[in-house]
**Student:** 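Input: one structure, supplied below.
Chain identifiers are assigned alphabetically (A, B, ...) following the order of the sequence lines, protein sequences preceding nucleic acid strands; residue numbering begins at 1 within each chain.
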Protein chains: 2
Amino acid sequence: MTTQRRVLIETMQEAKEHLDVSSLLALARKREPGIDRATVYRTIEKLKKFGLVDELDLMHMNGEKHYYEVKPKRDHVHLACLQCGQVEEFSSPLFEQLKREITEQTGFEILVTRLEVGGRCSVCRNSNKR
Amino acid sequence: MTTQRRVLIETMQEAKEHLDVSSLLALARKREPGIDRATVYRTIEKLKKFGLVDELDLMHMNGEKHYYEVKPKRDHVHLACLQCGQVEEFSSPLFEQLKREITEQTGFEILVTRLEVGGRCSVCRNSNKR
DNA sequence: TGCTTGTTGCGACTAAGTCGCATCTAGAAG
DNA sequence: CTTCTAGATGCGACTTAGTCGCAACAAGCA
């Protein structure tokens with residue numbers, strides 16, 4: 001457990017939005033200026049492997065970046081509005097049930113899941129009906 | 001509707017596995033040698049926008065490529081085995097029900113979905129227990 | 001306090017994807 | 001059948017994301 005890793009984990013925990021690598025790096029550098037891009041990638045890699053963070057694409061709304069969040073207790077869906085860019089989260093027992101069904105019917109052991117949805121959020125739907 | 005687009009679409013339809021951009025390009029060039037990488041990207045972009053193809057990441061098993069498939073009638077889950085690299089598909093009424101629930105409860109209009117699962121397939125689980 | 005193993009920073013590199021621009025072509029209009 | 005034009009293509013240069021080897025460094029155990 002090095003200073004850099006501690007800083008990165010704290011930064012992710014305190015962030016209220018999903019961070020991509022470059023904003024995570026920028027924020028982390030406010031605390032620990034010398035921290036390197038490669039360290040961020042290597043740390044994320046480890047955290048993913050240990051199941052401590054989840055990786056998101058958010059439907060590639062802004063280029064090909066990846067976003068990260070500390071793994072929640074309960075998996076949730078990310079609803080990405082393709083119009084305004086807002087990201088909502090949604091969780092449901094149905095999702096848990098679906099995962100159970102997958103394991104039962106296919107024998108596949110689930111380690112990570114990623115359910116992303118792209119579309120239009122209710123705000124955008126109301127502001128411009130079409 | 002240009003020759004290039006026709007070739008790209010046919011290539012995707014006839015492929016039995018999920019293609020990334022470079023293998024799609026390679027296959028398409030067997031029919032239409034001059035076809036360019038930029039054209040592939042631009043065509044995929046259009047096809048995504050029209051809802052004719054789906055984009056997959058397959059949990060980034062082999063680098064950061066994206067994979068494409070012609071959009072199926074019924075959305076399905078991709079189960080990517082992190083050990084052997086095999087990709088299974090799975091569809092279920094529960095998934096449809098979950099999508100309906102999302103729309104009802106959040107007012108979010110769903111245009112695309114992507115549900116990917118990473119783990120160990122039944123074959124790998126049996127061959128090496130744990 | 002010293003030692004060892006794993007981590008970091010650095011810089012150079014690869015791979016994925018984008019863009020501007022000149023040329024070309026599909027297919028509508030005459 | 002010929003002409004015309006909007007939109008598509010090919011090309012090449014570029015950007016951005018992510019990786020890697022290596023020497024220097026630090027965590028934390030003895």
**Student:** Please identify each residue that fulfils side chain to side chain donor-acceptor pair (under 3.5 Å) with Asp57(A), with sequence neighbours left out.
**Tutor:**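 Once residues adjacent in sequence are excluded, the partners of Asp57(A) under the side chain to side chain donor-acceptor pair (under 3.5 Å) criterion are His66(A), Arg114(A), Arg114(B).
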
**Student:** Does Thr3(A) put a side-chain nitrogen or oxygen below 4.0 Å from OP1 or OP2 of dA26(D)?
**Tutor:**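 So the side-chain polar atoms of Thr3(A) never come under 4.0 Å of the phosphate oxygens OP1 or OP2 of dA26(D).
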
**Student:** Would you mind telling me which residue lines up with the more 5' stretch of DNA chain D, Thr2(B) or Asp36(A), judged by nearest nucleotide?
**Tutor:**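 Its nearest nucleotide lies further toward 5', so the answer is Thr2(B).
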
**Student:** Pick base, sugar-phosphate or nothing for Gly34(B), based on heavy-atom distances below 4.0 Å to the nucleic acid.
**Tutor:**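 Since only primed, P, OP1 and OP2 atoms lie under 4.0 Å of Gly34(B), the category is sugar-phosphate.
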
**Student:** Write down the distance between NZ (Lys65(B)) and C1' (dA17(D)), rounded to a whole number of angstrom.
**Tutor:**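 In whole Å, dA17(D) C1' and Lys65(B) NZ are 14 Å from each other.
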
**Student:** Please report the distance, rounded to the nearest Å, between CE in Met61(A) and P in dG17(C).
**Tutor:**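 Rounded to whole Å, this separation is 18 Å.
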
**Student:** Would a distance-only check, ignoring hydrogens and angles, find a side-chain to backbone donor-acceptor pair under 3.5 Å from Ser122(B) to Phe108(A)?
**Tutor:**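 No, Ser122(B) side chain to Phe108(A) backbone: no donor-acceptor pair under 3.5 Å.
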
**Student:** With respect to the phosphate group of dG9(C), does any side-chain polar atom (N or O) of Gln4(A) fall under 4.0 Å of OP1 or OP2?
**Tutor:**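 So the side chain of Gln4(A) is within the cut-off, an N or O lying under 4.0 Å from OP1 or OP2 of dG9(C).
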
**Student:** Can you find a donor-acceptor pair, distance only, under 3.5 Å between Arg37(B) side chain and dG10(D) base?
**Tutor:**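 Looking at the base of dG10(D), it does not pair with any donor or acceptor on the side chain of Arg37(B) (distance under 3.5 Å).
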
**Student:** Say whether His18(A) and Glu69(A), considering side chains only, have a donor N or O and an acceptor N or O under 3.5 Å apart.
**Tutor:**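 Glu69(A) and His18(A) do have a side-chain donor-acceptor pair below 3.5 Å.
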
**Student:** Just to confirm, is there a sub-4.0 Å distance from OP1 or OP2 of dG17(C) to any side-chain nitrogen or oxygen of His60(A)?
**Tutor:**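 Checking His60(A) against dG17(C): no side-chain N or O falls below 4.0 Å of OP1 or OP2.
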
**Student:** In whole angstroms, how far is the P atom of dT25(C) from the CD1 atom of Ile35(B)?
**Tutor:**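 Atom-to-atom, Ile35(B) to dT25(C), this comes out as 14 Å.
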
**Student:** DNA chain D: Glu45(A) or Lys46(B), which has the more 5' nearest nucleotide?
**Tutor:**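 Its nearest nucleotide being more 5', the pick is Lys46(B).
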
**Student:** When the distance from CG of Asp57(A) to C1' of dA17(D) is rounded to whole Å, what number comes out?
**Tutor:**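 Between C1' of dA17(D) and CG of Asp57(A): 13 Å.
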
**Student:** Mind checking if Arg5(A) touches a base, just sugar-phosphate, or nothing, with heavy atoms under 4.0 Å?
**Tutor:**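 Counting heavy atoms under 4.0 Å across all strands, the contact made by Arg5(A) is with sugar-phosphate only.
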
**Student:** Can you tell me how far C1' of dT8(C) sits from CG of Leu8(A), to the nearest Å?
**Tutor:**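 About 12 Å, once rounded to whole Å.
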
**Student:** About how many Å separate OG of Ser92(A) and CD of Gln105(B), when rounded to the nearest 0.5 Å?
**Tutor:**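 Output value for this atom pair is 7.0 Å.
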
**Student:** Output the rounded distance in Å from CD (Glu64(B)) to C1' (dC20(D)).
**Tutor:**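 Atom CD in Glu64(B) sits about 15 Å away from atom C1' in dC20(D).
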
**Student:** Would Lys99(A) and Phe95(A) count as a cation-pi pair here, with the cationic atom under 6.0 angstrom from the ring centre and within 45° of the axis?
**Tutor:**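 Yes, Lys99(A) and Phe95(A) form such a contact.
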
**Student:** What is the distance, to the nearest angstrom, from the NZ atom on Lys48(B) to the C1' atom on dT18(C)?
**Tutor:**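 Result: 13 Å.
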
**Student:** Tell me which of Ser22(B) and Met1(B) sits closer to the 5' end of DNA chain C, going by the nucleotide each one is nearest to.
**Tutor:**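 The 5'-side residue here is Ser22(B).
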
**Student:** Nearest to the side chain of Arg42(B), heavy atoms from C-beta on, is which of dG17(C), dA16(C), dT9(D)?
**Tutor:**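 The nucleotide sitting nearest to the side chain is dT9(D).
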
**Student:** Atom CD of Glu32(A) to atom C1' of dC25(D): distance rounded to whole Å?
**Tutor:**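 Taking CD of Glu32(A) and C1' of dC25(D), I get 13 Å after rounding.
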
**Student:** Would you tell me if any nitrogen or oxygen in the side chain of Tyr41(A) comes within less than 4.0 Å of OP1 or OP2 on dG18(D)?
**Tutor:**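 Tyr41(A) to dG18(D) OP1/OP2: side-chain N or O found under 4.0 Å.
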
